[in-house]
*Asks:* 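Submitted below is the structure of interest, expressed as structure tokens.
Letters go in sequence order (proteins before strands), and every chain restarts at 1.
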Amino acid sequence: MAPTFPPIYLLKWNLEHDPKELHRLEEEIDVVFDIKEAKLVLGKVKLKRRAALELRKLGLDTEEVVTTESEPDTDTDHNHHEEQIASQIVPSAPGNPPAQRLAISPRSTLRPSDETIKVLDLAWYTGSLNAGKLLPIEDYLVYEGRIKSKILPVKPKQTLLPAQVEPRRQISTVSPTQRHFRTGPRKFGGNSVHSSSQPARLLHKTTSEDEAYAALPPIPKYLHSPYSCQRPTPLHCPNEDFLSELRIIKQARNLKGDEVGVRAYSVAVAAIASYPYSLTSALELSRLPGCGSKISKLWQDWKTLGHVEEADEARSDPDLQVLDLFWKIHGVGEASARDFFSKGWRSLDDIVEQGWDRISRDQQIGVKYYDEFLQRIPREEVEKIASVILDYANHIRDGFRMVICGGYRRGKPDSGDVDVVLSHPNENATHRFLVELLESLERDEYITHRLIVSMKNSDRGQNPLNWKGSMPRSRGGFDSLDHAFLVWQEPTWPSKDEDLKGNPDARNPNVHRRVDIIISPWKTAGCAVLGWSGGTMFERDLRHYCKQQLGFKFDSTGVRRQDNGEWVDLEKGDGDLLVKERRVFSGLGLEWRDPTERCTD
DNA sequence: AGGCAGCGCAC
DNA sequence: GTGCGC
DNA sequence: GCCT
């Protein structure tokens with residue numbers, strides 16, 4: 001006789017890429033869909049940390065219960081939730097084997113703080129089925145957590161079923177003559193709990209639409225995620241020509257002030273950029289996250305007509321060309337570009353002649369070095385600049401570590417600016433350091449302008465305690481990082497001495513470059529590196545993922561809880577900056593992505 | 001039918 | 001508060 | 001514009 005199971009909540013994690021199996025299990029096990037009704041949580045999880053993360057996603061903030069004897073109840077935290085997951089597993093129906101003492105430690109006092117939630121390996125379920133009775137849970141217990149607090153509403157969203165993609169209206173599907181094959185075997189997660197009792201059923205009646213779907217190359221599993229931070233997005237992809245069109249439309253929308261459009265096109269670009277096959281049909285495209293009917297229509301036009309109308313219009317619109325020219329001035333965004341345009345200005349000369357005093361200092365610098373800032377920086381020069389910075393840093397205080405981030409780290413052959421993150425294992429070394437570094441670089445004439453210097457972290461001039469009001473969230477730590485955005489120019493050139501002899505005001509011919517220097521406290525340096533390395537969408541989605549899925553707030557200064565702002569340390573332990581960055585990935589429940597796989601733009 | 005990242009700076 | 005860059 |  002099959003045993004009767006207590007109410008079970010099934011974690012979708014690691015099952016979500018196999019929706020059929022997930023559905024089978026959900027039906028076979030009589031799962032509850034609200035974790036609060038469950039006595040037990042099952043999942044294909046092996047790691048405590050992962051289990052805790054998954055619970056957090058569901059709105060349960062837990063701390064591990066060490067399964068030795070009952071911990072001393074020093075727990076004064078009072079989380080008075082009346083109904084909660086009981087500490088004991090009480091089968092919900094009669095007829096279960098009486099001998100199963102499922103609770104680990106006998107607890108007579110049912111104080112709320114004793115409430116724990118247990119996460120078991122799915123194998124417990126299959127094993128129990130096979131045995132015809134409920135097995136002891138000890139061998140299968142992955143994680144036992146005491147509920148610290150219920151988090152606000154953290155949505156259990158993201159179901160990720162490819163089959164739920166709604167069939168689009170007939171877009172004459174170019175028959176996929178060219179079949180694609182995945183590069184590797186499908187991974188179901190090896191140890192999957194195959195089918196003991198229930199034979200696989202047909203989930204769908206086969207309509208022609210379904211057949212069209214079935215004929216498509218399978219979507220790589222990572223593309224089931226709507227978060228680009230969960231996908232490898234290489235610098236180059238098979239659909240770059242189409243992407244170029246989308247990027248043109250996106251920029252046109254940007255110049256027109258259509259923020260939402262920009263967002264939508266950015267999402268679509270990021271998804272297509274991570275798709276490893278050459279697209280063969282609009283239907284195929286419409287399966288990707290962020291790619292709906294509009295994007296599919298654009299692809300169809302592009303494929304059949306050879307061009308995309310909106311992109312053509314953008315290219316040939318002279319007003320847009322002017323807006324774009326202005327927009328490329330450092331310090332000029334979409335709003336200022338249109339503002340300039342509305343003043344009747346049509347060229348950089350117009351700005352200089354008619355508006356020089358009315359534009360900001362940043363914009364003046366942007367105009368002055370317009371051509372130079374648009375020149376790409378070869379990797380070699382990026383490295384040169386970075387090594388100067390590191391040398392100067394170490395000259396002030398030895399032991400600095402540096403990672404060159406930005407496009408360089410993503411593998412681009414050249415960059416628009418230079419981003420370096422510096423840190424030092426000694427916490428004190430980074431404090432108040434940026435000013436010193438800037439002064440020494442200025443002394444040797446590397447820096448021609450400071451665009452911004454932000455020092456929330458360190459002492460800002462006279463007022464050492466000025467920022468303390470904003471510190472309660474980061475206990476015993478720094479709240480932020482120091483950041484300088486500079487105009488950089490190599491001070492020497494081959495014929496310098498000669499030139500100066502002839503003319504004391506001889507011009508330095510080296511190109512002016514924009515350089516970001518970030519000084520991060522060691523304990524959050526992994527976050528800084530991560531936060532400064534990804535493409536725009538990667539970084540956006542990272543923040544979004546943290547908020548939606550984990551209830552965390554991520555930025556380059558660290559990870560904090562959303563509800564109370566408490567700092568979450570994901571970087572504990574030895575290791576260099578890159579190790580710390582990896583810890584952040586795993587602490588956030590994310591698969592490692594090499595920087596070269598964060599090219600979402 | 002609401003949300004879309006979220007921060008610090010200049011102005 | 002808005003605009004900007006990241 | 002797409003998602004939930």
*Asks:* Output all residues satisfying ring-ring contact (aromatic ring centres under 6.0 Å, His included) with A:Trp345, sequence neighbours left out; order by chain, then residue number.
*Replies:* A:Phe340
*Asks:* Would you indicate, yes or no, if B:dC7 has its OP1 or OP2 atom less than 4.0 angstrom from a side-chain nitrogen or oxygen of A:Lys553?
*Replies:* yes
*Asks:* In whole Å, what is the span from the CZ atom of A:Arg540 to the C1' atom of D:dC2?
*Replies:*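 Going from CZ in A:Arg540 over to C1' in D:dC2 covers 14 Å.
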*Asks:* Under 4.0 Å, heavy atoms only, any strand: does A:Asp417 hit a base, just the sugar-phosphate, or nothing?
*Replies:* sugar-phosphate
*Asks:* Answer yes or no: is there an ion pair linking A:Lys256 with A:Glu313, defined by an N-O contact shorter than 4.0 Å?
*Replies:*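 No, this pair does not count.
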*Asks:* If you look at every strand shown and take non-hydrogen atoms under 4.0 Å, does A:Phe554 touch a base, only sugar-phosphate, or nothing?
*Replies:* nothing
*Asks:* Please pick, from D:dG1, B:dC11, D:dC2, the nucleotide with the shortest atom-to-atom distance to any side-chain atom of A:Ala264.
*Replies:* D:dG1
*Asks:* With heavy atoms under 4.0 Å as the rule, sort A:Leu542 into base, sugar-phosphate or nothing.
*Replies:* nothing
*Asks:* Rounded to whole angstrom units, what separation is found between the OH atom of A:Tyr265 and the P atom of D:dG1?
*Replies:*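 Atom-to-atom, A:Tyr265 to D:dG1, this comes out as 5 Å.
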*Asks:* If I take atom OH in residue A:Tyr227 and atom P in nucleotide D:dC3, what distance separates them, rounded to the nearest angstrom?
*Replies:* 13 Å
*Asks:* If the condition is side-chain hydrogen bond (donor to acceptor under 3.5 Å, both in side chains), which residues does A:Asn239 pass it with, not counting sequence neighbours?
*Replies:* none
*Asks:* How about CD on A:Glu436, more than 12 heavy atoms from neighbouring residues, nucleotides or ligands closer than 6.0 Å, or not?
*Replies:* yes
*Asks:* Could you list where the contact with chain A starts and ends along DNA chain C, reading 5' to 3', using a 4.0 Å heavy-atom cut-off?
*Replies:* C:dG3 to C:dC6
*Asks:* Only counting residues at least two apart or in another chain, list the ones meeting side-chain hydrogen bond (donor to acceptor under 3.5 Å, both in side chains) with A:Arg513.
*Replies:* A:Glu381
*Asks:* Would you measure the distance from the C1' atom in B:dA5 across to the matching atom in C:dC4 and give it in whole Å?
*Replies:*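 Comparing C1' positions in B:dA5 and C:dC4 gives a spacing of 15 Å.
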*Asks:* Taking the side chain of A:Thr536 as its heavy atoms from C-beta onward, which of D:dG1, B:dC7, B:dA5 lies nearest to it?
*Replies:* B:dA5
*Asks:* Can you tell me the distance, in whole Å, between the CZ atom of A:Arg287 and the C1' atom of D:dC2?
*Replies:* 18 Å
*Asks:* With a 4.0 Å cutoff (strictly under), does any side-chain N or O of A:Lys547 reach OP1 or OP2 of B:dG3?
*Replies:*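 For A:Lys547, the contact criterion (side-chain N or O under 4.0 Å from OP1 or OP2 of B:dG3) is not met.
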*Asks:* Give a yes or no on whether a salt bridge exists between A:Arg514 and A:Asp516, defined as a side-chain N under 4.0 angstrom from a carboxylate O.
*Replies:*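 Not counted as a salt bridge, because no side-chain N and carboxylate O are separated by less than 4.0 Å.
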*Asks:* Expressed in angstrom and rounded to an integer, what is the separation of A:Ile365 atom CD1 from B:dC11 atom C1'?
*Replies:*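 Value for this atom pair: 14 Å.
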*Asks:* NE2 of A:His449 versus P of B:dA10: gap in Å, rounded?
*Replies:* 16 Å
*Asks:* Does A:Ser454 place a side-chain N or O at less than 4.0 Å from the phosphate oxygens OP1/OP2 of B:dC9?
*Replies:*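 For B:dC9, OP1 or OP2 has a side-chain N or O of A:Ser454 closer than 4.0 Å.
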*Asks:* Just checking A:Val332: base, sugar-phosphate only, or nothing, at a heavy-atom cut-off of under 4.0 Å?
*Replies:* sugar-phosphate
*Asks:* Figure out the CD1/P separation between A:Ile518 and B:dC9, and round it to whole Å.
*Replies:*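 Whole-Å distance recorded here is 14 Å.
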*Asks:* Tell me what A:His483 touches on the nucleic acid: a base, only sugar-phosphate, or nothing, going by heavy atoms under 4.0 Å.
*Replies:* nothing
*Asks:* Quick one: ring-ring contact (aromatic ring centres under 6.0 Å, His included) partners of A:Tyr369, sequence neighbours excluded?
*Replies:* A:Phe373, A:His449, A:His512
*Asks:* So A:Asp516, base contact, sugar-phosphate only, or nothing? Heavy-atom distance under 4.0 Å.
*Replies:* sugar-phosphate
*Asks:* Judged by each residue's nearest nucleotide on DNA chain B, which is more toward the 5′ side, A:Leu451 or A:Arg263?
*Replies:*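 Upstream on the strand: A:Arg263.
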*Asks:* Could you state the atom-to-atom distance from CZ of A:Arg361 to P of B:dC9 in whole Å?
*Replies:*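 Nearest whole value for this atom pair: 15 Å.
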*Asks:* Would you classify A:Gly331 as touching base, sugar-phosphate or nothing, given that sugar-phosphate means primed atoms plus P, OP1 and OP2, and contacts are heavy atoms under 4.0 Å?
*Replies:*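 Counting heavy atoms under 4.0 Å across all strands, the contact made by A:Gly331 is with sugar-phosphate only.
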*Asks:* Using the ring-ring contact (aromatic ring centres under 6.0 Å, His included) criterion, which residues pair with A:Phe400? Sequence neighbours excluded.
*Replies:* A:His424, A:Phe433
*Asks:* Are OP1 or OP2 of B:dC7 and a side-chain N or O of A:Arg543 less than 4.0 angstrom apart?
*Replies:*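 The answer is no; no side-chain N or O of A:Arg543 sits under 4.0 Å from OP1 or OP2.
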